K.L.:
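Okay, here's the structure, questions in a sec.
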Amino acid sequence: ANRGRPTYKIASIPADGIGPEVVEAGITVLKCLTKALYTFNLEFEHFNWSSNLYLKTGKYIPDGGLERLKEFDAILFGAVGAPNVPDHISLWGLRLAICQPFQQYANVRPTKIFKGTQSPLRNCNPGDLNWVIVRENSEGEYAGQGGRSHIGQLWEVATEVAIFTRHAVERLIRFAFETARSRPRKLLTVVTKSNAQRNGMVLWDEVAELVAKDFPDVTYDKMLVDAMTVRMTLKPETLDTIVASNLHADILSDLAAALAGSIGIAPTSNLDPTRKNPSMFEPIHGSAFDITGKGIANPVATFWTAAEMLAWLGEEDASNTLMECVEQVCEKGVKTVDLGGNATTIQVTEAVCEEIERRL
Ligand code: ATP
Ligand code: MG
């Protein structure tokens with residue numbers, strides 16, 4: 001019965017906090033979509049890699065784990081972080097332990113205001129804010145280089161060295177130009193702090209200028225990161241695709257998520273654009289232990305994450321259908337508490353499934 005229909009193997013890693021709740025919701029909606037469309041299959045395998053596993057075994061990823069992951073077409077990730085594990089241990093133990101060896105060097109974070117949601121910005125409507133932030137995901141300020149000496153002494157010194165290689169900066173900026181080119185406005189803003197950081201950030205500016213020559217159809221401009229926060233807040237409609245370093249884009253994308261109305265909406269894709277390794281898709285939010293187990297986590301970020309994953313797998317139509325259904329449900333007012341509604345995770349999930357079934 002499956003002849004002619006491609007099957008994609010998806011590794012699911014729900015991990016910590018609300019991760020399992022939203023990943024379950026995401027898989028429910030994906031299954032509903034594939035059943036209704038009947039054009040492709042998704043096969044899920046679950047991995048219990050989490051802070052609980054780490055506390056029991058001392059490892060987030062069991063021996064041979066990464067090798068197993070390589071067999072999959074994509075990874076659907078929940079969230080990592082637990083109150084009883086230091087954040088830098090959980091982050092490096094699981095998320096970065098996958099991103100780095102799999103060379104997922106482009107972190108892509110779309111943000112927009114959904115119909116039916118409210119931006120905290122006055123006079124900002126859906127359509128005024130529709131961005132993609134492309135974040136460098138392999139080096140930079142989070143390269144993990146540095147150290148501490150004379151620990152605990154008054155004269156203790158700690159260094160945190162940012163690494164920028166021409167190779168990594170170029171491939172990322174090229175990817176950002178391609179992203180900008182694929183969008184209607186063909187507009188790219190390159191963010192740096194090249195007035196104060198005069199080595200790595202100047203390299204960024206120079207590489208951007210070189211790569212821009214290959215994209216004459218893309219309009220590009222440069223912004224310093226501090227001025228960029230002002231522009232995002234006061235003139236969101238002047239922006240489209242944004243590229244920045246690991247640290248800068250980390251901060252800007254949290255701002256972007258907040259300006260769009262909730263951290264519970266936005267997805268993030270960790271892409272290996274060479275497609276040698278599986279890419280990893282996750283909601284932008286963290287494990288949110290304050291609402292874990294209450295059944296009120298917003299699953300929309302994971303639905304959008306699932307849509308991004310489908311698009312990366314080449315299932316553009318399915319991806320668009322899913323997003324239209326999610327927005328429709330939002331506009332109808334079936335929303336979780338963070339968006340000003342009173343629906344539960346399950347109610348939003350069921351509403352999206354009903355919308356899919358109604359359409360297809
Ligand atoms: P991490 O340390 O992994 O980033 P966190 O505990 O800091 O996790 P975040 O996920 O970053 O939490 O979210 C910050 C706040 O936003 C949380 O306290 C939570 O209440 C809210 N929040 C996050 N995600 C969601 C969601 N999907 N639905 C509803 N509220 C959310
Ligand atoms: Mg956080």
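This chain uses plain numbering: 1 for the first residue, then up along the sequence. Order of appearance sets the numbers: ligands from 1, and atoms from 1 within every ligand. This structure is a prediction, so every number in the text was calculated from the model and none was measured.
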K.L.:
Under 4.0 Å, heavy-atom basis, I'd like to know which part of Ile18 is in contact with ligand 1: side chain, backbone, both or neither.
P.N.:
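Only the side chain of Ile18 comes within reach of ligand 1.
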K.L.:
So is Asp290 close enough to ligand 1, meaning a heavy atom under 4.0 angstrom away?
P.N.:
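In this structure, Asp290 qualifies as a contact of ligand 1 - some heavy atom is under 4.0 Å.
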K.L.:
Counting heavy atoms only, which of Ala297, Pro83, Ala288, Ser262 is nearest atom 12 (O) of ligand 1?
P.N.:
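Considering heavy atoms of Ala297, Pro83, Ala288, Ser262, the nearest to atom 12 (O) of ligand 1 sits in Ala288.
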K.L.:
Any idea which part of Asn298 is under 4.0 Å from ligand 1, heavy-atom wise: side chain, backbone, both or neither?
P.N.:
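Asn298 to ligand 1: contacts from backbone and side chain alike.
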K.L.:
For the pair Asn246 (side chain) and Glu139 (backbone), establish whether a donor and an acceptor sit closer than 3.5 Å, ignoring hydrogens and angles.
P.N.:
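Present.
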K.L.:
Going by the order shown, which atoms of ligand 1 are within less than 4.0 Å of some heavy atom of Ile291?
P.N.:
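Near Ile291, the atoms of ligand 1 are 28 (N), 29 (C), 30 (N), 31 (C).
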K.L.:
Please check this pair: side chain of Lys335 against backbone of Gly116, looking for a donor-acceptor N/O pair closer than 3.5 Å.
P.N.:
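Yes; judged by distance alone, with no hydrogens or angles, the pair exists.
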K.L.:
State whether the side chain of Glu21 and the backbone N or O of Gly293 hold a donor-acceptor pair below 3.5 Å, judged by distance alone.
P.N.:
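Checked: pair present.
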K.L.:
With atoms numbered from 1 as shown, which atoms in ligand 1 lie under 4.0 angstrom from a non-hydrogen atom of Ile263?
P.N.:
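Numbered from 1, ligand 1 contributes 16 (O), 22 (N), 23 (C), 24 (N).
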K.L.:
Does any N or O in the side chain of Asn107 come within less than 3.5 Å of the main-chain N or O of Leu271, such that one atom is a donor and the other an acceptor?
P.N.:
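Between the backbone of Leu271 and the side chain of Asn107 there is no qualifying donor-acceptor contact (under 3.5 Å).
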K.L.:
Under a heavy-atom criterion of less than 4.0 Å, does Gly286 contact ligand 1?
P.N.:
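A heavy atom of Gly286 does come that close to ligand 1.
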K.L.:
Counting both backbone and side chain atoms, is some N or O of Ser287 under 3.5 Å from an N or O of ligand 1?
P.N.:
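There is such a contact, yes.
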K.L.:
Flag yes if more than 12 heavy atoms outside Asp205 fall under 6.0 Å of its CG atom; otherwise flag no.
P.N.:
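Atom CG in Asp205 is packed in, count exceeds 12.
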K.L.:
Can you tell which of Phe44, Tyr8, Phe47 makes a ring-ring contact (aromatic ring centres under 6.0 Å, His included) with Phe72?
P.N.:
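Option passing the ring-ring contact (aromatic ring centres under 6.0 Å, His included) with Phe72: Phe47.
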K.L.:
Over 60° means perpendicular and under 30° means parallel, so classify the ring planes of Trp204 and Phe164, tilted if in between.
P.N.:
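Correct class here is perpendicular.
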K.L.:
If you count the atoms of ligand 1 from 1 in the order shown, which ones are under 4.0 Å from a heavy atom of Val80?
P.N.:
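Result: 3 (O).
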